[in-house]
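First the structure, in the form of structure tokens, and then the observations on it.
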Amino acid sequence: MNYWLMKSEPDEASIHDLQRAGTLPWTGVRNYQARNFMRDDMRIGDGVLFYHSSCAEPGIAGLAEVCSAPYPDATQFDPASPYYDAKSKPDAPRWLHVDVRWRETTRLLALTEMRAAPELATMRVLERGSRLSITPVTPEQWQAVLRRLSGA
DNA sequence: GCCAACGTTGGC
DNA sequence: GCCAACGTTGGC
């Protein structure tokens with residue numbers, strides 16, 4: 001069992017969108033490191049910290065879980081999609097993704113609070129210059145986030 | 001394989 | 001909108 005932090009712009013897909021939909025395909029990842037995490041290291045049932053980015057109040061907005069094996073991202077073959085990749089061929093898809101299932105919409109654990117929390121200081125997403133949309137989370141970090149969200 | 005130019009991310 | 005950080009591209 002692994003844990004992850006996954007960034008989404010709430011304008012594109014918020015935790016509320018995920019709650020409504022139940023599950024969503026995590027389309028649009030166009031970074032090799034993030035893709036490799038999904039392709040090589042994610043397992044069904046892995047825990048996901050759902051993070052809102054590029055918005056007024058960035059931070060962790062809920063909990064989710066990986067609910068599919070990796071499979072090709074259809075948007076890479078769609079010329080009308082902003083995620084279209086002309087160099088990717090259907091017989092050798094370059095981009096793939098997993099599906100994610102809603103678990104809980106939490107209070108917002110704001111980025112400012114995350115930065116101020118000593119027990120979260122090691123989180124990859126907080127590293128200077130970190131832009132990766134998917135980062136691994138340790139079991140200790142996961143537990144620390146849950147403790148903080150439960151107000152303990 | 002180097003590396004400059006360029007593009008993107010994302011907080012502020 | 002700014003800009004630091006960093007990934008990607010492409011000429012050589």
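Lettering follows sequence order; numbering is per chain, from 1.
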**Request:** Return the orientation label for the Phe37(A) and Trp4(A) ring planes: parallel under 30°, perpendicular over 60°, tilted otherwise.
**Result:** tilted
**Request:** Step through the shown structure and confirm whether more than 12 heavy atoms of other residues, nucleotides or ligands are within 6.0 Å of CD on Glu57(A).
**Result:** no
**Message:** What I'd like to find out is whether the side chain of Leu5(A) reaches to under 4.5 Å of the side chain of Val48(A), using heavy atoms alone.
**Reply:** no
**Prompt:** Where the side chain of Asp46(A) meets the backbone of Asn2(A), is there a donor-acceptor pair that is under 3.5 Å apart?
**Reply:** yes
**Request:** Would you check if the side chain of Glu65(A) reaches a backbone N or O of Arg101(A) as a donor-acceptor pair within less than 3.5 Å?
**Result:** no
**Message:** Can you give me the first and the last nucleotide of DNA chain B (5' to 3') that has an atom within less than 4.0 angstrom of a non-hydrogen atom in chain A?
**Reply:** dG7(B) to dC12(B)
**Complete:** Comparing nearest nucleotides in DNA chain C, the 5'-proximal residue of the pair Gln33(A), Lys87(A) is Gln33(A)
